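Residue numbers begin at 1 in each chain, while the letters A, B, ... track the order of the sequences. Values below: every heavy atom of this structure, side chains too, minus hydrogens, waters and symmetry copies. None of the values given here were measured: they were computed from a predicted structure.
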Amino acid sequence: MMERLKGLSTPSRDNLVTYALVFAAWAVMQSLASAHAISSSMVGLLVPITAYVSLAISLNLVVGISGELSLGHAGFMSVGAFTGLVVAQILAPSVASGPLRLLVSMLAAGGVAALAGLVVGVPVMRLQGDYLAIVTLAFGEIIKNLLNNLYVGFDGGLHLSMTNVASLGMSGGKVLINGPQGAVGIEKLSSFMAGMLLVLFTLLVVTNLVNSRSGRAIMAVRDNRIAAESVGIDTTKYRLMAFVVAAALAGMAGALYAMNFSSIVPKKFDFNTSILILVFVVLGGMGNIRGGIISAALLTVLPEKLRFIGDFRMLIYAVVLISVMLFSNNAQVRMTLDGIRTRLARKDDDEALADGERGGGAHA
Amino acid sequence: MGLLTNLINGISLGSVYAIIALGYTMVYGIAKMLNFAHGDVIMVGGYICFIAMNNVGLPPVVAVLLSIVGCTCLGIVVERLAYKPLREAPSLAVLITAIGVSYFLQNTALLVWGADPKAFRSVIDSPSIKLFNGQLTVSPVSIVTVLACVAIMVGLTLFTSRTKMGKAMRACSEDKGAAQLMGINVNTTISMVFAIGSGLAAIAGVLLCSTYPTLMPTTGSLPGIKAFTAAVIGGIGSIPGAALGGVLLGIIEIFAKAYIGTQLADAIVFAVLIVVLLIRPAGLLGKEIHEKV
Amino acid sequence: MAMLKVADLNVYYGSIHAVKGVSFEVEEGEIVTLIGANGAGKSTTLNTVAGLLKLRTGSIEFEGESLVGIPAHKMIAKGIALCPEGRRVFQDLTVRDNLDMGAFTRSDDEVVEMRKVVYERFPRLRERRRQRAGTLSGGEQQMLAMGRALMGRPKLMMLDEPSMGLAPILVQEIFDIVKVLNEMGTTVLLVEQNARMALSIADRAYVLETGRVVTMGTGAELLQDDEVRKAYLGG
Amino acid sequence: DSSAGGGSASAGDTFMIGGIGPVTGAAAIYGSATKYGAQVAVDEVNAAGAVKMELNWQDDEHDPEKSVNAYNTLKDWGMQILVGTTTTTPCVAVSTETNADRIFQLTPSASSVNVLGGEEIGADSPRKDNVFQMCFTDPNQGTASAQYISQQKLGTKIAVIYNNADAYSTGIYQKFVEEAGALELEIVSTQTFTDDQTDFSVQVGDAKDKGADLLFLPIYYTPASLILSEAKKQGYAPRFFGVDGMDGILTLEGFDTELAEGVMLLTPFVATAEDEATQAFNEAYKAASGSNENPNQFAADAYDCVKALAQAIETAGITPDMATDAMCDALIAQFTDPGFSYAGLTGESSWSVTGEVTKTPKGMVIEGGVYMPLDA
Amino acid sequence: MPRTEGTYKAQSERAAGTTTGQRPAAKRQRTKMVAPPNDYLVPERDALLTPVLECRHLGIDFGGLHAVEDLNLMVGKTEIAGLIGPNGAGKTTVFNLLTKVYQPTRGTILLDGQDTAGMDTARVSREGIARTFQNIRLFDSLSVEDNVKIGLHNQVSCGMWSGIFRMPRYWLSEKEFHDKALELLDVFHMADNATDIAGSLPYGAQRRLEIVRALATNPKLLLLDEPAAGMNPVETEELMDNIVRVRDRFQIAVLLIEHDMDLVMGICEGIVVLNFGRLIAKGTPEEIQANPQVVEAYLGKQD
Ligand SMILES: Nc1ncnc2c1ncn2[C@@H]1O[C@H](COP(=O)(O)OP(=O)(O)OP(=O)(O)O)[C@@H](O)[C@H]1O
Ligand SMILES: Nc1ncnc2c1ncn2[C@@H]1O[C@H](COP(=O)(O)OP(=O)(O)OP(=O)(O)O)[C@@H](O)[C@H]1O
Ligand SMILES: [Mg+2]
Ligand SMILES: [Mg+2]
């Protein structure tokens, strides 16, 4: 074990910092919430934040790590959301424990979303760049459109229809998904605890994947597809891997999200939501998982904290968004940041060097 | 007759998409950015025209010109303030900024013009043309839209392939540094691209609202996305492609609504996009550019 | 008075100090060459003179006029052309359109005339005039890049490694062209890896090492210089 | 500005009224209307002096997540009673929260049965006893429309265009079809659309091709205006019949009222009514919203919500210093009291234990750009 | 005007005259070439072994252009072969055909006796062809070590699940990756740069890293496209040593494209010359330099 710790590369050390950050945030929020020391508004945001953070992490796998611009992440979220709802409802009579039901429905959501990811991914992976982006956008819209036409009822058996509630042919029971009107009367199974566990799980999957043989292959394809092929990497396989894993994780987050509200409509998971998640990723710095986590949390809270400015709220949000992009990409600012980073890195290196010497001494 | 009616409706809708798509393609082709705020410039164009006609009482032609001028200026200003500082930035940063601009325009419109939709009165105020005893009607707006679409397409094609400025735009799109070495002022050229794109957006906005007479801050969003899809179907960056893609998309949408169902029309439109891209990865008229190894 | 006078030039990429106080001069009618190992800062220097990069401190004067702060697109009008490293031809334009771009600020008649001159120099370009530049071979692209720079009829032509990746017969030819150009009255500032060839045609040369000028002299002097021979000319 | 909330509640002599509805995004018209309507009523109540109220309106962008956020923000502010939410889907989510928190909720315009909950009215969730509606529940209008059309023999071949992404529209449509079947009305064409659609050429074309002589539009006025103009374009002139969502069509800026000539609708509120209360409301609303446009039925419903609350508070003797759950119970008791009714802009309203409102819609027809009573 | 070196000096002379003196002369001894039964040419030591590469009537068209036409080519098992020709002759295209970046229009490619028809780039790499690129293609944002580990992708196995859930397999494989990568980097004295970001390396180091990465795929045949481009003569000398060393150590064949005649004539055993997509000459360096057709089309008259 010691051996392993010592062998930690910089990225692994980086990951430890991220985990520490997440645990710290969890501990702080949990204790504040249980001491009623934070506002209802903040408490209400906790679950959505965990869902968005998970989504930002998983989208980072596609956009940052795999280097593909996906504009349809919300589509997978929505597949997961509705799958989760249906599974939770079906389980309701037989499984009494709420958390267990949530867990099973989230796993099912992840599975079905992964399947959707595969169905979408196989054709999509033939394309590149902006073409891939537009096709993921199209798939997001198609998924939304299909869900807008999906009617699901449960009366002991499951009924599906693509036309209307009447054609479900239900005998009593309950309509779970009512076409464009979505689902209502959802049992609120999600909790902050579940959300944090999902964040940690997502983080674990993504960071571990990135720092493995498969992850390197994914990044190789991103950096230079032709070179990756030339060293024998099946580029389609690894692009698809990133895409499907991200879809599965998005599906789980979708289920968590949906089961936090008692009503949900397919329209919620449209292009704008996909963009919202993308904004988290880009603002946090592409491929920078920790940055994505922080920006997802901040940007979910920001519009709520801006409520005091009333009608100008969304306008200010837009201005903030543009300003941040302009600021963070400003050459002058970049240079300063670079300077700071090199200085820090140098310090890091010095430390590492010192460590190394110490280590070497011990062996001698 | 139903078929013909649907075809006419499809071409009419498609021509609106085509004009929007031409603006998209123009900006994408040269500035290499997905300008998601394009749809909102359309909306602004619609409002300017509406205000000029309804509140100021200007004649339609003047209102349209005013709207073109207004949007052109808006395009240049937005480019200068929001996009120009990002010339060296990664394309995703520009994309997100464009989305910010889109939110900004929508919410500004909301504050300035209110949430209530406006009923847009068509700029072409003559009755529908009736054929076959009134079984078939063609609205004059549709005819104007189709003509405008063709004119714009031809004009843009000639401009980019024949004129010096047009070629300079293509040079800038590839390598800004090398273009500068040729004596091309990259900033002016890109401003020009946005000016043209936004001017087209104004025309598109006026025609869109004349065909579907409602105007609100979100009016441009969905047509924007559809037109973007059209541009990709045609081969993004290709001018005739944008026109072709737009018209095809309109026809497909109307036919899908008429013969398959209004509910699935959007799914079908997007499915067609995917099928087209799978068969021709660079769109119908797009050139597939293989990276030389 | 020197045509181009660069004094104490300092250029940074972010926090990387790439050019550290370089000074040199080019007299009208000369061929001056900058040689040095990879990463010595040669391209950075040329790009800064051409206005593509911003300098931190120092001065650049062309015909007695400061070039600091003048944007790159105004250089060609002043008579300065740069044929950049790595060719950077416009991949998506045809060979002919590429050439035309080189004379962007010129009148149409001049374009036609210069095109003729370039085609004469590079018959291969005439042959391929309708081909997309992106599909040309490396050497063909280099010819195109030079041809394109010629189109603007510059007074000072800066060439960044024009012989890179060219067949021996063409290397010879490129250097011949440089000489001919020079004889026709164009002043040349040449950056080369092929130090032997460069020195043999250069009136004067500067040797750069990690962002600094370490030696200077006439081409012939440096060819004989032991240090230079050992470091840059090989056995 | 009343929306500039966020501060903590003022001393115990004022009722803290929260309001939620979209004031940005595509559904902003509905939220803005309710916001200003409610504000007018609050100002009136405060001027009258018996009850003191403070209104804090929060935006929800017509999104359940944002709506719950808005609700939590209002809770932090000290909200005691909720007027909202304006739109249905968010309202389902928020009513679950108010139910759990025991905060009394009266929605001006969220019309689906799921807002209220309860098996007996066909909802998919149990009755949330603290939630009441000011607008009709969807089903009632559908039934009433079919009966009216049948009684007056307005059409023989009927076409319907409805928004199936909208609980309101779908709800009315379903009841309409049911009742039409019972009354043996022939429905020849049924077409749907979803939000954001602006092209109605296919839907109108179908009705035209099927030879429908009456087009029933259980939808809001914005799409209705597009359908009217499309019909004109196609040279198709059936009888148009709408519901309360159609109200507002005449106030649409730039709308060619000629298009709406002869359109019939059932609505509890018409802004052009001559009565004093409506006229006064129009003026106050214009002042509050800073626009020239007349209020629509959403605004009137929100106004009535606040006024009905004020009346209930006075009648039941509720005081602002009561705990919210006690206040909630008292208001429930008051609203479900068979003797309680409220007469406002949208007519005489009373409530059942299911939370539904009972009031009579008026039949109207547009003639010469104004509403004329149908039965007159 | 005097040509760079007058003529290309014979190897022995160059070795003797060198000032650096670090070049082991023995490694650059001229190989005796023999003609196999057909008219191909391979080093004598490889004559009885299956050639690592054999192309028969290879050709590809781009539109109307016959970029490569009826090319017959053979590379012996441990040969260092040169592919030269004027710009645009089709040399890089030949590499692209061999590595299936382009599918050939005509002809057969045999790798170690096996027909590669229908294979894609990745498959060909697994079968044993590795390459570098005319314009460097590294994984710029990754570390030097990661670049090599990616080259080792098919040499070490570890599935996605093992990676995500950190099974024992993962730890074993990572150790193997690390050790092998450092071992390979060491061949080019780059182990110290293991943690540097590839894109930030100096140009020469990037070229070397590309070769290391190619070697990591455990190839039978290494294709180098203008490895000395942009290098000065001193750096080129060092590169020549490295290429020979790699061949000797890994016992593989090398086929290289280069315009630097010092390098080509210095280390290549057999050379083929292309012009307009067609083979115009093949032979030893001496034969090629004496071939008038090659002199006219490619080398230029030396005065
Ligand atoms: N865009 C850049 N960003 C950061 N550093 C750079 C950039 N371009 C060059 N450098 C660094 O600046 C220094 C000088 O580079 P430059 O390209 O000027 O060298 P050069 O002499 O032209 O070398 P070569 O012979 O390889 O062309 C090098 O250390 C290089 O790594
Ligand atoms: N994808 C392509 N489409 C069209 N023509 C091509 C393509 N790739 C290469 N060519 C043409 O094929 C010919 C051979 O090109 P190639 O790149 O193989 O030359 P090369 O011998 O490597 O030259 P250099 O030494 O300059 O690199 C050139 O004329 C080039 O223009
Ligand atoms: Mg250089
Ligand atoms: Mg080549």
Is Lys84(B) salt-bridged to Glu79(B), cutoff N-O under 4.0 Å? no
Salt bridge flag under 4.0 Å for residues Glu28(C) and Lys155(C): no
Checking Ala145(C) against chain B: side chain, backbone, both or neither under 4.5 Å from a heavy atom? neither
Determine, stepwise, if the pair Thr187(C) / Glu30(C) fulfils side-chain hydrogen bond (donor to acceptor under 3.5 Å, both in side chains). CA-CA 5 Å; Thr187(C) 309; Glu30(C) 270 189 323; over 6 Å; no
Below 4.5 Å from any heavy atom of chain B, which atoms of Leu82(C) appear? Answer side chain, backbone, both or neither. both
In plain terms, say whether Glu27(C) and Lys5(C) are close enough for a salt bridge, that is, a side-chain N and a carboxylate O under 4.0 Å apart. no
By a 4.5 Å heavy-atom criterion (distance strictly below it), what part of Met101(C) contacts chain B: side chain, backbone, both, or neither? both
Under a 4.0 Å N-O cut-off, is there an ion pair linking Arg132(C) with Asp92(C)? yes
Which bit of Asn47(C) comes within less than 4.5 Å of chain B, counting heavy atoms only: side chain, backbone, both or neither? neither
List the steps and the verdict of ring-ring contact (aromatic ring centres under 6.0 Å, His included) for Phe194(B) and Tyr83(B). CA-CA 10 Å; Phe194(B) 273 86; Tyr83(B) 304 150; 5.4 Å; yes
side-chain hydrogen bond (donor to acceptor under 3.5 Å, both in side chains), that's the test. Do Thr94(C) and Gln131(C) meet it? Break it down for me. CA-CA 5 Å; Thr94(C) 61; Gln131(C) 189 172 336; over 6 Å; no
Considering only NZ, NE, NH1 and NH2 on the basic side and carboxylate oxygens on the acidic side, decide whether Lys78(C) and Glu63(C) come within less than 4.0 Å. no
Of all the residues in residues 161-185 of chain B, which have a heavy atom that comes within less than 4.5 Å of a heavy atom in chain C? Lys164(B), Lys167(B), Ala168(B), Arg170(B), Ala171(B), Glu174(B), Asp175(B), Gly177(B), Ala178(B), Ala179(B), Gln180(B), Leu181(B), Met182(B), Gly183(B), Ile184(B), Asn185(B)
Can you say whether Arg87(C) sits under 4.5 Å from chain B via the side chain, the backbone, both, or neither, judging by heavy atoms? neither
